[in-house]
Structure formats: C-alpha cells, structure tokens
Amino acid sequence: MLSSAEVLPFPVERDSEVGEENRLRYRYLDLRRGPLAERIARRARLANLVRTHMSGRGFLEVQTPILTASSPEGARDFLVPSSQYPGEFYALPQAPQQFKQLLMVGGIDRYFQIAPCFRDEASRADRSPGEFYQIDLEMAFATQEDVFGEVEQLMEAIVSGMSDKTTSTPFPRLTFTEAVDRFGTDKPDLRFGLELVDLTGTVGGRTELPMFAEAISAGHVIRALRVPGGFDRPRKWFDAFGEDAKKAACTGTWLQLDPAGVKGSLARRLSDEEVSSIVAAAGAGSSDAVLVAVGPRSKVSGLLGERRQRIGRELGMADPGRLEFVWVVDFPMFERDETTGAWDFAHNPFSMPQGGLESLQSSDPGEILAYQYDLVCNGIELSSGAVRNHRPDIMEAAFAIAGYGPERIRTSFPSLWNAFHYGPPPHAGIAPGFDRILMVLEEQANIREVIAFPLNQSARDLLMGAPSPVSDVQLRDVHLKVVPPAP
RNA sequence: GGACCUGUGGUGCAGCUUGGAGUGCACGCCGGCCUGUCAAGCCGGAGGACGCGGGUUCAAAUCCCGUCAGGUCCGCCA
C-alpha cells in the first residue's frame with residue numbers, strides 16, 4: 001500500500017454536485033474530479049497557442065516588473081512595504097501599461113506578454129479579485145485598424161485551435177453610442193436580437209400623456225423593450241421593473257398583450273391608437289409584453305439593457321455554443337461628474353482624442369471621442385485598448401480639460417512624461433483578458449472555474465488561508481503598525 | 001460602502017409560506033449476506049442542539065433582530 005485516505009469531504013465522482021466553499025477549501029480534491037483539471041490543461045494549451053501565434057507574428061515577449069511603483073489612477077493598488085525604506089511601498093502592477101509604452105519608446109516595436117495584473121477591487125462572476133492575466137500587447141506606428149487586424153487573427157487562431165466553434169472576421173463594430181442605444185450596454189450580447197426601441201420622437205412626440213410630454217421637454221428619452229411571451233408574467237415582475245426604474249430616477253411602465261385585450265399600467269392612460277403604435281414599434285405581438293422606460297438617456301438604456309440581458313438568459317435566447325464577437329468603438333473621451341458637473345476622463349487618460357489637439361481646443365468636451373475600443377464577446381468585455389496619446393502637448397491639453405495642471409502629469413506619471421520627450425513613436429495596443437477568453441471558450445459562468453487556485457468572492461484564499469495576520473517581528477521589519485478599524 | 005439569495009448528519013437537497021417531538025430523499029460511511037467484475041444487488045446500523053447569539057411564544061429548523069460564512073448584483077474596476 002502506497003498511500004491511504006480518510007473519508008473524503010465530498011465525493012470525487014465527476015458529476016457530483018458540491019458546494020463551492022468545499023471545492024475551494026479542498027481544491028486538490030476538486031482537481032481530482034476531472035472537469036476542473038481538464039480546464040486547467042486547456043489553460044496551458046491556450047497559453048502555448050498564444051505564445052506561438054504572437055511570436056510568429058513578430059511580437060517579442062517581454063516580462064515586466066511585479067514590484068513597481070504605485071500609480072494614482074485606476075483601482076486600489078496592492079502595496080508591498082519596503083524594509084529598507086521605512087514608510088515607502090512597492091505596488092503590484094494593475095497592468096503593465098506604462099512599461100509597455102516605455103518599451104515602445106525603447107524601440108521594441110511589437111511587444112506582448114501574458115501579464116499578471118493585480119487590482120484590489122471587488123469581484124464579479126467574470127472578474128477575479130486580486131489577480132488575473134491579460135494577453136497584453138502593444139504596437140508602434142500602429143493605428144486602431146492595425147490592432148483590430150492583429151487581434152482578429154489571434155482570436156481566430158484561438159477559436160479554431162481551442163474549440164469546434166467558428167467565427168468570421170472582420171468582427172462587426174458598434175459605436176459606444178449605438179451599443180448603448182440599441183442594447184442598453186457597452187458590452188452587448190449579440191447572440192440574440194431583442195433590441196431596445198426609441199419612442200421619443202415617434203409616439204412620445206404625439207401623445208398628450210404628461211409623463212411623456214414632460215420627459216421630452218426635459219430632454220429625456222422614451223424607450224421600449226419587447227418581452228417575448230411575457231403577457232402573463234406575474235404582477236410582481238412588472239412592479240419590480242417599476243421600482244427599479246424609480247431607483248434609477250426613471251419611470252417604468254408596461255403593456256401586456258393579453259389575448260383578451262391590452263392590460264398594464266400604461267394601457268389605461270393611452271389611446272388605442274397610441275398603444276398600437278408602441279406595440280408596432282416594439283415589434284410585439286399577441287402574448288408578448290412591452291416594457292417602457294422614461295428618463296435620462298443613459299439611465300433608461302441601462303435599465304432596459306439589464307432587463308434585455310435577463311430576459312435573454314431566462315428564455316435561453318443566447319446559444320451557449322456560439323461566439324459573437326463585436327468591437328465597440330468611439331468611446332467618449334470625457335464625461336461629466338453627475339454631482340459636481342466637472343469634466344473627467346471617461347476611461348484611460350492616455351488615449352488619443354480623435355481629432356487630436358484641434359478637437360481638444362475647439363470642441364465641447366462631451367463631443368470628443370477617443371481612439372478607445374473594447375472587444376466584446378457574448379456580453380463579456382474581453383478586451384480594452386486604445387491608440388495612445390504619445391504627444392506631451394496633447395496630453396497637457398487633455399488633462400487641462402479634466403481640471404489638472406501640467407504638473408499633475410509630471411508628478412503622477414514622471415517616467416512616461418519624461419520618456420515622451422525623447423521621440424516616442426505613435427503606438428496603440430490592447431489587452432485581451434486571458435482568463436475571460438478561457439471562460440468564454442469553456443462556457444463557464446464563473447471565472448473561478450478556469451483558475452487552479454482562485455480566491456473566493458471576498459478575496460480570501462480558503463485553501464491557504466490568505467490573507468492572514470503576520471507576526472509582530474514581521475511588522476516591525478517593514479515598519480508597520482496595525483490600526484484596527486473603528487467599530 | 002450597499003442590496004438580495006443561501007446556510008438542515010460526511011456530501012447534495014427537501015422541510016420554512018401557514019410554529020406543534022429532527023421528519024424525509026439521494027449519495028457517502030460502518031457491519032453482514034450475495035455476486036464474474038465493469039456507477040452492482042439485498043439486509044441491518046451509526047451519524048444532525050437545523051451556522052452562531054438574542055427575542056417572540058405554552059411551543060421555533062420554521063416568525064423577528066443581530067452576527068458570521070458562502071454566492072449574485074450595484075457602487076467600484078483610468
């Protein structure tokens with residue numbers, strides 16, 4: 001006998017259901033059950049495939065530091081105290097963003113790396129807390145089109161090498177505005193239609209109903225969403241829509257196309273003609289329902305987009321066997337803070353504004369678009385990238401709109417600022433999420449399913465017991481004192 | 001920072017709405033029998049203060065409050 005075993009905490013038969021807490025606590029037993037181990041093996045295959053493909057395309061794999069400097073933008077950093085320098089800290093990189101741009105300045109014209117990224121932020125089903133990996137890449141003298149071409153080739157290689165699914169290039173594109181208007185989100189799941197319908201200029205413009213008339217004079221929008229077969233959904237479901245609308249400072253109403261006649265909170269308040277024009281606009285038929293939301297554009301879209309996604313899932317409209325890639329382009333460069341009214345960067349402050357310096361100087365900040373793009377697949381944001389702003393003068397102008405003086409760039413991003421004074425090439429890049437790609441390929445709803453030893457939702461490692469207290473000696477070594485939070 | 005869902009023998013669940021003896025299902029475990037195996041079959045058995053603390057009640061797994069743990073979402077994620 002080589003080894004013995006106590007009674008296992010859960011059965012290791014591959015099809016047995018086990019609570020996730022136990023699976024994480026006894027990850028080595030979960031691996032024995034098979035499916036997880038198979039996904040981890042496919043993860044290795046994906047890594048090999050990416051390296052082979054990218055190297056073949058002339059990209060150089062460069063490893064960048066794990067211990068680096070804290071950077072003021074983005075998520076909260078993980079900090080590593082220095083024993084040599086009391087009160088000073090390394091930070092784990094949230095992404096190798098600045099390093100890869102410095103590589104561009106250094107003449108490494110095509111860079112890639114399967115890069116570890118660390119962010120101290122709350123998790124989601126598709127967002128691993130703490131750490132995750134990106135297929136980070138950057139290209140000198142490249143346009144948005146060049147980046148799209150490379151990524152489409154990479155994704156085709158991945159899909160054909162890792163699955164029996166198919167995809168065709170070029171991937172379709174939506175502008176940010178189109179995506180939000182038609183699907184209610186900047187990461188639409190295009191495996192099913194069910195688009196939002198705008199009623200502002202049609203029904204809204206003709207009705208006497210005060211709710212609609214007032215909305216239009218306030219610059220708000222009226223939009224509708226068909227609920228297939230939804231006429232007999234419970235009253236509670238429609239009420240919940242109304243309540244969620246209220247929370248979002250909108251009004252949510254609905255029509256139910258009961259075979260016996262039209263019901264719903266909106267039916268009584270509109271003429272037959274108005275009801276039928278809404279029904280027609282929404283493309284609804286007998287036994288459907290129609291949700292109608294009134295309010296500020298982004299809130300209405302978000303509200304209906306959330307319902308669209310939920311309905312699609314409930315009705316099984318999204319074929320799990322399909323991959324629907326889409327580029328979302330033309331993100332706004334700036335957005336207004338809702339409370340202060342001040343302009344701030346909508347996304348990456350180092351993206352190149354479309355129209356360059358001239359548009360910064362002459363356009364309304366709200367109208368300026370960035371060369372900033374996302375790759376979305378099946379409703380999951382796989383990737384985010386941009387043509388970078390490599391011009392110090394354009395940087396200063398952009399930061400000025402966001403209310404920052406030139407010293408802000410110099411003090412917050414000194415290495416990039418300095419480097420960009422020595423002839424930086426124009427460059428562009430993107431960073432597809434490695435774990436997320438695998439998650440989509442493996443048809444997994446949770447990112448932990450493609451990670452060998454994931455943290456749980458609350459960023460705890462149930463297997464190793466991290467995070468954990470450390471000894472007083474260790475704390476003294478790094479010049480730290482723990483101050484418990486006030487109760 | 002917030003909302004919601006879940007917590008019942010080793011595992012996965014049902015029971016909770018409408019309070020009335022810890023009752024049930026499937027798997028596992030222990031013992032016995034049978035057997036040419038391949039997810040075996042039959043018989044018997046052990047194992048649970050229903051996450052924890054408080055409250056309401058004659059009576060709490062069940063209702064209320066708090067707390068802890070796990071999950072989903074909002075905020076957050078340049």
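Labels below follow one simple rule: chain letters A, B, ... track the order of the sequence lines, proteins then strands, and each chain is numbered from 1.
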Just to verify, which of A/Leu416, A/Val105, A/Leu102 counts as forming a side chain to side chain contact (heavy atoms under 4.5 Å, CB included) with A/Pro424? A/Val105
What nucleic acid atoms does A/Ala125 come within less than 4.0 Å of, heavy atoms only: base, sugar-phosphate, or nothing? sugar-phosphate
Taking atom types as they are modelled, is there a donor-acceptor pair under 3.5 Å from the base of B/G70 to the side chain of A/Glu20? no
Does the side chain of A/Gln94 get closer than 4.0 angstrom to OP1 or OP2 of B/C77 through an N or O atom? no
Say we look at B/C4 and B/G9: how far apart would their C1' atoms be, to the nearest angstrom? 29 Å
When rounded to whole Å, the CD to C1' distance for the pair A/Gln134 and B/C77 reads 11 Å
Pick base, sugar-phosphate or nothing for A/Gln457, based on heavy-atom distances below 4.0 Å to the nucleic acid. base
Need the pair for B/C27. Rule: Watson-Crick or G-U wobble, both distances under 3.5 Å, any strand; none if unpaired. B/G10
Which value, in whole Å, describes the distance between the C1' atoms of nucleotides B/A3 and B/U23? 35 Å
Does a side-chain N or O of A/Asn446 approach OP1 or OP2 of B/U72 to a distance below 4.0 Å, or not? yes
Establish whether the base of B/G71 is bridged to the side chain of A/Arg124 by a donor-acceptor pair shorter than 3.5 Å. no
Please tell me which of A/Ala445 and A/Phe345 maps to the more 5' nucleotide of RNA chain B, matching each residue to the nucleotide holding its nearest heavy atom. A/Ala445
Using whole Å, report how far CD of A/Gln97 lies from P of B/C77. 16 Å
C1' gap between B/U62 and B/G15, integer Å: 9 Å
To the nearest angstrom, how far is A/Arg310 atom CZ from B/C74 atom C1'? 12 Å
Applying a 3.5 Å limit to both distances, which nucleotide forms a Watson-Crick or G-U wobble pair with B/G66? B/C52
Would you indicate which nucleotide in B/G71, B/C77, B/A69 comes nearest to any side-chain atom of A/Glu21? B/A69
For the C1' atoms, the ones on B/A14 and on B/G31, what distance do you get once it is rounded to whole angstrom? 29 Å
In B/A40, glycosidic geometry as syn within 90° of 0 or anti otherwise: anti
Touch class at under 4.0 angstrom, heavy-atom based, for A/Arg448 against every strand present: sugar-phosphate
Full working for salt bridge (Lys or Arg N to Asp or Glu O under 4.0 Å) between A/Glu381 and A/Arg127: CA-CA 10 Å; A/Glu381 183 192 313; A/Arg127 201 165 80 199; over 6 Å; no
Just name whichever nucleotide pairs with B/C4, Watson-Crick or G-U, keeping both distances under 3.5 Å, else none. B/G71
Do A/Asp136 and A/Tyr111 meet the criterion of a side-chain donor-acceptor pair at a distance under 3.5 Å? yes
Could you tell me how far B/G70 sits from B/G51 if I compare only their C1' atoms? Round to whole Å. 11 Å
Centres of the A/Phe350 and A/Phe399 rings: under 6.0 Å? yes
Passes salt bridge (Lys or Arg N to Asp or Glu O under 4.0 Å), A/Asp198 versus A/Arg223? Steps please. CA-CA 4 Å; A/Asp198 190 89; A/Arg223 283 184 185 152; 2.8 Å; yes
Over all strands shown, is A/Glu17 touching base, sugar-phosphate only, or nothing at heavy-atom distances under 4.0 angstrom? sugar-phosphate
Applying a 4.0 Å non-hydrogen cut-off, can you work out what A/Asn456 is touching in the nucleic acid: base, sugar-phosphate, or nothing? sugar-phosphate
Looking at B/C76, does its base get a donor-acceptor pair with the side chain of A/Arg127 below 3.5 Å? yes
At under 4.0 Å between heavy atoms, what does A/Pro349 touch on the DNA or RNA strands: base, sugar-phosphate, or nothing? base
Closest nucleotide of RNA chain B for A/Arg436 versus for A/Phe10: which of these residues is on the 5' side? A/Phe10
Neighbour count above 12 (heavy atom, 6.0 Å) for A/Tyr90 OH: no
